[in-house]
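The structure under discussion appears below in the form of structure tokens.
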Amino acid sequence: GGGDDGDGGDGLIVGFAQVGAESAWRTANTDSVKAAAEADDRIAELKFVDGQQEQDRQIEAVRNFITQQVDVIVLAPVVETGWTDVLQEAEDAGIPVVLADRGVEAADEDLYVTRLGSDFTEEGRKAGQWTVETFADDADGTRILELQGTTGSAPANDRKTGFFEVLDAEGLDYELVDSQSGDFTAENGKSVMETFVTTHGLDGIDLLYAHNDEMGLGAIQAIEEAGFEPGVDIQIIIVDGSAAGFQAGVDGKLNYIVECNPAFGAQLMDVVVQVEAGESVEKFTPVEEGVFTADQFEAELPNRQF
Amino acid sequence: MSTVQLTERPARSTLFDGLSRYLPISVTVALLVALYLGGVANYPNFGNSQVVAKLFIDNAPLLVIAVGMTFVILSGGIDLSVGSVMAFSTMACAWLTVDAGIAAPVALVLVLAFGTGWGLFIGAVIHRFEVQPFIATLVGLFLFRGLTLQISDTDVSMREIGFFQWGMTHVDFGNVREGGFWLPYLSFVAIAVVIIAFAVLHYTRFGRSVYAVGGSESSALLMGLAVARTKIGVYAVSGFCAALAGVLAAFATKSANPLANVGAELDAIAAVVIGGTLLTGGAGFVLGTLAGVLVWGLLNTLIAFQGNLSSWWARIAMGVLLLAFILLQRVLARSGEKRRA
Amino acid sequence: MPDIVQMTGIRKDFTGVRALDGVDFTLKAGEIHAVMGENGAGKSTLIKVLTGVHAPDAGRILLDGRPVRFHSPAGAQAAGISTVYQEVNLTDNLSVAENLFAGREPRLGPFINFRAMRRKAKALLDDIGIDLNVAAPLSSYSIAMQQLVAISRAVDIKAKVLILDEPTSSLDRDEVAVLLGVMRRLAAEGVAMVFISHFLDQVYEIADRMTVLRNGRLIGSWDTADLGENALIGHMLGREAAELEQIERVAAAHHVEDETPLAEAKGLGRKGSIAPFDLAIRRGEVVGLAGLLGSGRTETARLLAGADRADAGTLEFDGKRLTGHNPRTAAARGIAFCPENRKTEGLVGDLTVGENMILAMQAARGWARSVPPARRERLVAEFIAKLGIRPADPDMPVKNLSGGNQQKVLLARWLLIEPRLLILDEPTRGIDVGAKADIQRLVAELSAEGMSVLFVSAELDEVTRLSDRIAVLRDRELIDVLETESERTHERIVDTIVARGGHE
Amino acid sequence: MSSNGNGGRAALTAGLARVRRSAYLKRLMWPLLVLAALIVVNIAVTGFDFILPSVNDGRLGGAFVNILRRSAPLLLIALGMTLVIATKGIDLSVGAVYAIGAALACQMIMESGNQSSLGLVLTAVALALAVTALIGAWNGVMVARFGIQPIVATLIFMIAGRGIAQLITGGQIPTVDGSSPYTRLGRGAILTVPVPIVIAVAVLVLLALLTRRTALGMLLESVGGNPEASRLAGIRSKGITVLAYLVCGLCAGLAGLIGSANLASADANNGGLWIELDAILAVVIGGTSLLGGRFFLLGTTVGVAIIGTLDDTIINVGLSSQWQFTAKALVVFAVALLQSARFRAWILGPFTRGPSAEAPPETDEPKEVAAP
Ligand SMILES: Nc1ncnc2c1ncn2[C@@H]1O[C@H](COP(=O)(O)OP(=O)(O)OP(=O)(O)O)[C@@H](O)[C@H]1O
Ligand SMILES: Nc1ncnc2c1ncn2[C@@H]1O[C@H](COP(=O)(O)OP(=O)(O)OP(=O)(O)O)[C@@H](O)[C@H]1O
Ligand SMILES: [Mg+2]
Ligand SMILES: [Mg+2]
């Protein structure tokens, strides 16, 4: 290879089919990828297409990349299934595909070169692990509220699965008091939490597990407005770890953050270049992601990029 | 026999009588071509014939629901349920074949029958109980999204079902690597739907009564036309098309996703209206809808080829392009009318 | 003769109105049966009950001796009853031919045979005596032509019962003659016909029997020969014949003193609709527009009213040249315009009678200055009484009024603003004899008080009787203005039109 | 016919008007019934606390008050939408305009140094409202002046609007300090009544007065009912149409401000997502026809209350998220059918005597605030 058919001089032309711009996390992810491509001399041009959370549009984008004869296609698939044909088309056209963030179903493993990203189930497990540790001695059983992400979306499904997998496996005595979708937004997170508060009250509720920052932050407001103290009257876990989330942590309003790191742009560019050069790469490269407890929030806050 | 012969010239000059109603659509098509040529001039590889073919691949399901929507809108109604019915149909294909183990062709027939049945039902509600179409079909939008999620809240793969390989089987036109292009079978299905819809709308009694009902429902009733059959019929057509689009989506991806096609009804309505069909009913063409879908797809392609727009600039660009298109369409059609007056 | 249709004890209630109250009606084979009555008497409702548009609240309907109950006009049509309803009920987005054959198109397999359809349409219209481009959209023809198309459609259905609800309301003499000819021919073929019209001469010319309704009740049925005109009017209006004497005599005898024109068009025209023309309307003068169907009377009226934009010439009003003439500025200057198509251009069906009446006045005042409720109620009540609008309920949605009453509401809207120039396009269409006389008298009175009126009517009698001067149009061109009294006769107008004909 | 004395006629007219007014209440009855049913279900599940307001922090709370407070943005948008629909139009852009209003205000406040400055907040609010009103007017001009179909005209801003909002925020979610006076718009209370409720009710009353005490309502209905007839009657139908869209844009902007003030942040991408559908739904449930003409602000309000209560009911009854859509569908279907006179006649047909199974068409629709 080597960008011989690209017309942008000596660098690579990379097509990036992003999921959308549905959350701050996603925007940070896009920014990271774009900035890394910009800074990287080996990349001549990054063609970016926003799929607006629809698989159809992403498929269309990949086809467009194929017609444009880019060197490498980066795909952040919105769902796992249904990519076989378009990935096959890319392969037929001799264009390697790198998956970013989310994955595709196992049967399509041969059709992409590598995947770089987070493991949502693992994130759920991390949250579950902390819960098991924290509430191990809770005599009267742990009563949990859950704010799910958009019903039917992969992060929502996986973060739920991973979480309860650990709770069940570790034999924690818990009760899921209620679990509703907050659509990953602060608005719905807040309004669902308000209803939780009026329906169930907060007395006796031990933990709120929010599938992302925004819903968690919305819920915190609802808890405060109902006259309770978030983080104290009820413990709170959020996933993602934006600056705003960490700030809330520093203010003592939440107790545990499972990071989902969007800033893997530079890492991605390295992979892209390797792939184009035909070097062998691991099938899955996890993005470095941490977990943070209350005592780490303050120190981590300045490192947050989004 | 009377001796007097009464005569009147139509207000519009006769030469253009037949043609005048084709003016908006001609303008649309001309602008479509201009849009395409603009793309060719500005972007390398845009002239690749696969760019055009691709419009018929990626937009095949949209085209099908838009055709169904054309029937409904022409009759003076609207169908907001198509996006959800489509997603539900894809999911139902997956559920019937993967989980229930029903033979794929049978499942396919069941799904199409169900979509048609839903259309019949909601059409009957709209007609019999005089419920506003907007609200009745909005019920469908919620209902089928809910049912889809209840079947499965995760995506389901149908790749094991050999039958669904059929849809993406190619037909190559010329050598694909050297300027030729390919089209999958499902594109042919979509194109066939357009052709059949065209024939039905323009050359059958049902089609003409769709126009009549859209022109004036009370007049159509007083003229003794089968208004009930027509009104219920258009929703059945739309339901069938939505189900068919769902099946095409199943062919296209061999997977079902409970959150697919959110807002597809708006895309379809937009395509129909851009194609020159009046939302008030009674005026428009199914070929206009085809043009509308192509405009929609082409605008997306242009933005993809531009490739350096952020998410928000892409949306703004789409809005601006659409605006320019609609204004031009409007201005050209108007001045055309004036010139002939 | 056997009874084809027999309706007994028909009752129909609408919210707040009993439109029909125990009406009996019998139609015999081969007869032409006129249903007579004032506006709102229930004639159209009777027809609609018969043909399945409305379900009766009580009563029986026998067709050929068998009880029937139609649920839609399609059912009635299938049973052999073909109807032309009062308002033109065709779909004007379709072509003439399609309208003629909608629902019964000639087909080739499953597909419509358009060529055959056009040929048949042409033949049908030829047969009746109309020459149109059958492929053109119906909307490109005038209301009168549309009405003829509707009639042709009904005739062609070859039913045993043909119902014509005010088919002649927008037709002029020639067309009426054509229609009556067709009716005679059908009667000879044994078709039974119901004929509704407010033109007594037509009724007397064609009908064998008459049934009179008043206020939703049956007054009686008579053979035409047994019922004199005055007696008929007396039955219809429920007043003594003597009272009605003056109806025929309208005070047209007044003089225009002021010679300065209030409105003067110079070379005013619009491409494709009316050739440039000169016309002056003086203060207190009634100017009539006469001409055949499609001759451009409506277009002339619309240009003067500012409803359409002129593309040639000038219009002066009160000595000032009007620029940017449109309905709003026109109304502000005191130019009122009652359009010919009240359903689509005149009334807002969902609004109440009162709201429709107040509309122009309110438009002139702007939205912020609402007409005070007390004043509004007083004005509305006054004009309801003055024009005899029935039911006299200002809160009734106007779409529920009978056709004639709707016309009066429209007229009231403009009289409310006390205009200086009143442009009336077919104001007496579909109005009963009493109301017609009322309106004619009103026009005469208004002009006597100094209001100028431009009067368009298909009825030459009416035009000649009311007008001080008559402009004659032909082929969308103003060809002559008849000034002196001796000139303003029926014959003279017809001569003028024919003289300019030449070809044909 | 003219036998009725003048006094008798006046009495008759007044009587008829009363009948009509109660007919309007009857139209409202079915939606109100559904609302009541939803409330009863909630009370059955969660007890009377559901309906009883409580005071905490000097602010009315409690489940039902919270529903009302949360529904305020939807109510604002639905009210504006009612006017637009009355002109035979529709406005799909309200969700995007909501996002723009929210984004503008929050971004401006966030970027400034002193977030607690009242002047700054007022400027931001004024700017946001001005911009959203302008967008509304633009939509109106596209419809009235250029004759573009409302659904397409507003589709443009529906697509581009969220892009503009994201452009303003740079794709991030700007946050406002909880201490900023701005948040009072969403969280504050006036005499214990939450500010969003106060604003929404104020707008409702204002619009009701504006449309029913002036002639605006009638002119709107006239333009929507028959545009050509209105033009010929001398009504400035274009101006009126533009005004309706302008008010709708303004309402959407205001809703965005309240929504974002409540959260102290603006989510350009998800704020007010699909709110246009709920708004149109509320309008239609409230008895206003999408075909234009007669409109009912009070009906819209009931529609909004139903939608707001419904979301809570699903959670209170303990249905899972998957049920959300299905439940909504069923309730909307119930309202739609109950409102249909034909359906009621069909259902009740076997129980009523008499030959007329067919109900008289619902023709009389008196307006809601009858002038005394
Ligand atoms: N759909 C309706 N709803 C309510 N009232 C109606 C309706 N249709 C007719 N009416 C009322 O029924 C009465 C009879 O009306 P109809 O149309 O039968 O009169 P008509 O005799 O045909 O008068 P015209 O000569 O003016 O056409 C009138 O008072 C009218 O207001
Ligand atoms: N608004 C309009 N737009 C286009 N054409 C029109 C319009 N109004 C009338 N016409 C056409 O202009 C021609 C002149 O018709 P017009 O109505 O002025 O004649 P008229 O003498 O008033 O006849 P009528 O007896 O039908 O009132 C007709 O062919 C008619 O179809
Ligand atoms: Mg009548
Ligand atoms: Mg005319």
Side-chain angles (χ1 to χ4, degrees), chain A residues 20-31 50 52-53 146-152 156 160 177-201 213-215 217-218 220-222 224-228 242-244 247-248 251 305-306, chain D residues 42 45-47 49-50 54 56-57 59 61-67 69-71 73 102 159 162-163 166 169-175 178 183 186-187 194 259-260 262-275 308 311-325:
Chain A
E22 75 279 11
S23 62
W25 188 96
R26 186 64 61 191
T27 313
N29 178 242
T30 305
D31 287 348
D50 177 338
Q52 294 177 24
Q53 290 128 279
E146 185 186 25
L147 274 174
Q148 304 175 44
T150 306
T151 316
K160 186 183 181 75
V177 178
D178 210 334
S179 170
Q180 289 287 338
S181 165
D183 276 328
F184 283 131
T185 66
E187 200 171 340
N188 288 344
K190 183 169 182 180
S191 83
V192 171
M193 193 64 209
E194 270 175 8
T195 313
F196 279 170
V197 173
T198 50
T199 314
H200 306 293
D213 270 20
E214 275 115 332
M215 289 192 297
L217 294 173
I220 285 172
Q221 291 183 10
E224 283 178 328
E225 283 169 31
F228 296 90
S242 64
Q247 184 59 54
D251 297 343
Q305 288 153 343
F306 82 105
Chain D
N42 279 296
V45 176
T46 63
D49 288 349
F50 176 79
S54 61
N56 70 50
D57 264 351
R59 189 176 89 166
F64 197 65
V65 174
N66 278 344
I67 290 176
R69 179 169 53 80
R70 280 202 301 270
S71 305
I159 294 171
R162 286 198 183 274
Q166 285 172 314
T169 64
Q172 301 298 321
I173 296 183
T175 53
T183 60
R187 301 175 182 174
S260 64
N262 180 35
L263 295 170
S265 67
D267 184 341
N269 203 59
N270 298 303
L273 196 60
W274 299 119
I275 203 168
D311 287 344
D312 261 42
T313 312
I314 291 165
I315 297 180
N316 280 339
V317 173
L319 293 175
S320 67
S321 295
Q322 282 91 332
W323 272 95
Q324 221 160 349
F325 290 107

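In what follows, chains carry the letters A, B, and so on, assigned in the order in which the sequence lines appear, proteins first and then strands, with residues in each chain numbered from 1.
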Exercise. Quick one: what part of A:D31 sits under 4.5 Å from any heavy atom of chain D, side chain, backbone, both or neither?
Worked result: side chain
Seminar exercise, completed: Counting heavy-atom pairs under 4.5 angstrom with chain D, the leader among A:E22, A:E214, A:Q221 is A:Q221
Exercise. Checking heavy atoms, do the side chain of A:A186, its backbone, both or neither come under 4.5 Å from chain D?
Worked result: both
Problem set entry | Gap separating the CG atom of D:D312 from the OG1 atom of A:T199, nearest 0.5 angstrom | 7.0 Å
For this session: Mind checking the OG1-CG spacing from A:T150 to D:N270? Nearest 0.5 Å is all I need.
Result: 7.5 Å
For this session: Go through the atoms of D:R162 and report whether side chain, backbone, both or neither lie under 4.5 Å from a heavy atom of chain A.
Result: neither
Problem set entry | Within 6.0 Å of CZ in D:F64, more than 12 heavy atoms from elsewhere | yes
Problem set entry | Which atom of A:A24 lies closest to which atom of D:Q172, heavy atoms considered | CB-OE1, 4.4 Å
Problem set entry | chain A contact via D:N262 - side chain, backbone, both or neither, heavy atoms under 4.5 Å | both
Problem set entry | From CA spacing to verdict: side-chain contact (heavy atoms from CB on, under 4.5 Å), A:T198, D:T46 | CA-CA 9 Å; A:T198 50; D:T46 63; over 6 Å; no
For this session: Just give me the residue among D:D49, D:L273, D:V45, D:N316 that pairs up with chain A most often, heavy atom to heavy atom, under 4.5 Å.
Result: D:N316
Problem set entry | Which atoms of A:T151 approach chain D - backbone, side chain, both or neither, heavy atom under 4.5 Å | side chain
Problem set entry | Which atoms of A:Q53 approach chain D - backbone, side chain, both or neither, heavy atom under 4.5 Å | side chain
Seminar exercise, completed: Nearest heavy-atom approach of D:R70 to A:T195 is NH2-OG1, 3.4 Å
For this session: Apply the test side-chain contact (heavy atoms from CB on, under 4.5 Å) to residues D:N66 and A:E225: give CA-CA distance (whole Å), side-chain angles for both, the deciding distance (0.1 Å), then the verdict.
Result: CA-CA 11 Å; D:N66 278 344; A:E225 283 169 31; over 6 Å; no
Exercise. Are A:E194 and D:R69 close enough for a salt bridge, meaning some N to O gap below 4.0 Å?
Worked result: yes
Problem set entry | Segment of A:Q52 engaging chain D (4.5 angstrom heavy-atom cut-off) | neither
Exercise. Where does D:L319 contact chain A at under 4.5 Å (heavy atoms): side chain, backbone, both or neither?
Worked result: backbone
